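The model shown is predicted, which means the values in this text are computed figures rather than measured ones.
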Amino acid sequence: MKFFVDTANLDQIREANDLGILDGVTTNPSLMAKEGIVGEKNVLAHYVKICEIVEEGDVSAEVISTDFEGIVREGLILADLHPNIVVKVPMIKDGIKAIRYFTDEGIKTNCTLVFSPGQAILAAKAGATYLSPFIGRVDDTGWDGMDLIKQIVEIYANYGFETEILAASIRSSNHIIECAKAGADVVTCPLSSILGLFKHPLTDIGLAQFLSDHKKANQ
Ligand code: G3P
């Protein structure tokens with residue numbers, strides 16, 4: 001399972017990358033705004049900075065346009081920035097048309113704002129590289145986000161769709177574990193959810209004991 005970090009914060013991206021377990025980054029317009037990155041020039045330059053930190057991993061950069069021509073125009077500019085850019089496109093009619101266009105041009109895509117198995121089928125048919133079902137936001141509505149992942153895993157396996165299931169809107173470390181059990185290809189998470197995987201009280205207690213025994217024995 002690939003680990004992506006879901007942020008536009010360069011310090012967090014560096015911290016995740018330094019762990020040696022990072023496979024990529026996803027951003028969205030809200031995450032860019034949160035970092036105060038505004039204006040096309042600054043936004044594009046920020047994506048390049050992210051790509052330079054991650055080096056090998058895919059970096060999703062989202063379009064703002066919602067019409068086919070606009071999505072294609074923006075996507076081509078984004079894809080030109082760096083070989084690792086993945087053009088992130090919303091799950092709408094013109095988005096699917098644009099994903100088909102990008103697929104045919106050999107440009108990687110991430111179909112975002114996915115909330116149903118039907119939407120997942122459309123994105124796979126258009127050849128999306130990644131599909132982003134939003135687990136946490138489904139949970140927020142009282143439905144089961146993990147069930148959505150499980151349904152998509154089953155459907156994609158039935159037909160050998162190559163689109164990678166990129167579980168997004170991850171809210172906890174447990175979401176990551178549940179995604180791994182369900183067979184998601186990628187999880188994109190806040191850094192805190194990745195760091196939460198380290199935690200176990202018995203690890204802390206055991207390490208303290210080892211160090212204390214070592215110290216006593218070597219006094
Ligand atoms: O990048 C999209 C997704 O991960 C957003 O998550 O927490 O805003 O629902 P969230």
Between Ile92 and Ile96, does a side chain to side chain contact (heavy atoms under 4.5 Å, CB included) hold up when you go through it step by step? CA-CA 6 Å; Ile92 52 176; Ile96 287 296; over 6 Å; no
Would you sort out whether Val54 and Asn84 count as a side chain to side chain contact (heavy atoms under 4.5 Å, CB included), showing the intermediate values? CA-CA 9 Å; Val54 185; Asn84 295 346; over 6 Å; no
Take Leu197 and Ile176, measure what side chain to side chain contact (heavy atoms under 4.5 Å, CB included) needs, and give me the verdict at the end. CA-CA 9 Å; Leu197 294 174; Ile176 300 176; 4.0 Å; yes
Could you walk me through whether Thr27 and Thr7 pass side chain to side chain contact (heavy atoms under 4.5 Å, CB included), step by step? CA-CA 6 Å; Thr27 63; Thr7 182; over 6 Å; no
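A 4.5 Å side-chain heavy-atom check between Glu164 and Tyr156 finds every atom pair outside the cut-off. Residues Trp143 and Phe115 form no side-chain contact, since every pair of their non-hydrogen atoms from C-beta on lies 4.5 Å or further apart. Counting heavy atoms from C-beta outward, Val153 and Ile165 have side chains that approach closer than 4.5 Å. Using a 4.5 Å cut-off on side-chain heavy atoms (C-beta onward), Leu44 and Glu40 make contact. Contact of the Lys108 side chain with the Val87 side chain is not registered, since no non-hydrogen atoms from C-beta on lie closer than 4.5 Å. The shortest distance between side-chain heavy atoms of Val5 and Cys189 does not fall below 4.5 Å.
For the side-chain hydrogen bond (donor to acceptor under 3.5 Å, both in side chains) criterion with Tyr130, the lone passing option out of Thr163, Thr112, Asp58 is Asp58.
Both Leu191 and Met1 sit in one connected hydrophobic cluster of ILVMFWY residues. Membership requires side-chain heavy atoms under 4.5 Å apart, directly or through other members. In the hydrophobic clustering of ILVMFWY residues, with side-chain heavy atoms under 4.5 Å counting as a link, Val43 and Leu10 come out together. Hydrophobic cluster membership differs between Phe198 and Phe210, with clusters built from Ile, Leu, Val, Met, Phe, Trp and Tyr side chains linked at under 4.5 angstrom. Put simply, Val48 and Ile107 are part of the same group of oily side chains (I, L, V, M, F, W, Y) that touch within less than 4.5 Å, one to the next. The same ILVMFWY cluster, assembled from side-chain heavy atoms under 4.5 Å apart, contains both Phe68 and Val89.
Between Ala128 and Cys111, the closest heavy-atom pair is CB-CB, 4.3 Å. Closest approach of Ala182 to Met146, counting heavy atoms only: CB-CE, 3.9 Å. Heavy atoms only, all atoms of each residue included: Ala98 and Val72 are closest at CB-CG2, 4.2 Å. Annotation for Ala126 and Thr103: closest pair O-OG1, 3.0 Å, computed over non-hydrogen atoms. The nearest pair of heavy atoms linking Ile149 to Ala184 is CG2-CB, 4.2 Å. Across all non-hydrogen atoms, the minimal contact from Gly75 to Val63 is N-CG1, 4.0 Å.
A donor-acceptor pair under 3.5 Å is formed between the side chain of His175 and the backbone N or O of Arg171. In terms of modelled atom types and a separation under 3.5 Å, the side chain of Asp94 and the main chain of Asp67 share no donor-acceptor contact. Under a 3.5 Å cut-off, the side chain of Ser132 and the backbone N or O of Val114 do not form any donor-acceptor pair. Formation of a donor-acceptor pair under 3.5 Å by the Asp23 side chain with backbone atoms of Phe4 is not found in this model. No donor-acceptor distance shorter than 3.5 angstrom exists from the side chain of Asp185 to the backbone of Leu166, with no hydrogens or angles considered. With hydrogens and angles disregarded, a donor-acceptor distance shorter than 3.5 Å links the side chain of Asn218 to the backbone of His214. Glu178 contributes no side-chain N or O that, together with a main-chain N or O of Asn174, makes up a donor-acceptor pair within less than 3.5 Å. Checking side-chain atoms of Ser173 against main-chain N and O of Ser193 turns up a donor-acceptor pair under 3.5 Å. Formation of a donor-acceptor pair under 3.5 Å by the Glu74 side chain with backbone atoms of Ser65 is found in this model.
Checked for salt-bridge contact, Asp140 and Arg137 miss the test: no charged N lies under 4.0 Å from a carboxylate O. We find that Glu52 and Lys49 are not joined by a salt bridge, their nearest charged nitrogen and carboxylate oxygen being 4.0 Å or further apart.
A donor-acceptor pair shorter than 3.5 Å cannot be found between the side chains of Asp204 and His200. Looking at Asn9 and Glu35, their side chains do bring a donor and an acceptor atom within 3.5 Å of each other. No hydrogens or angles considered: a donor-acceptor pair under 3.5 Å links the side chains of Thr26 and Thr188. Between the side chains of Asn158 and Glu154, no donor N or O sits under 3.5 Å from an acceptor N or O.
Atom CD1 of residue Ile71 and atom CG of residue Leu76 lie 11.5 Å apart, to the nearest 0.5 angstrom. Going from atom CZ of Phe3 over to atom CD1 of Ile170 covers 9.0 Å, rounded to the nearest 0.5 Å. In this structure, Leu19 CG and Arg14 CZ are separated by 14.0 Å, a value rounded to the nearest 0.5 Å. Atom CG of Asp139 is separated from atom OG1 of Thr141 by 7.5 Å, given to the nearest 0.5 angstrom. With rounding to the nearest 0.5 angstrom, the NE2 atom of His82 is 13.5 Å from the CG atom of Leu78. Atom NZ of Lys88 is separated from atom OG of Ser60 by 5.5 Å, given to the nearest 0.5 angstrom.
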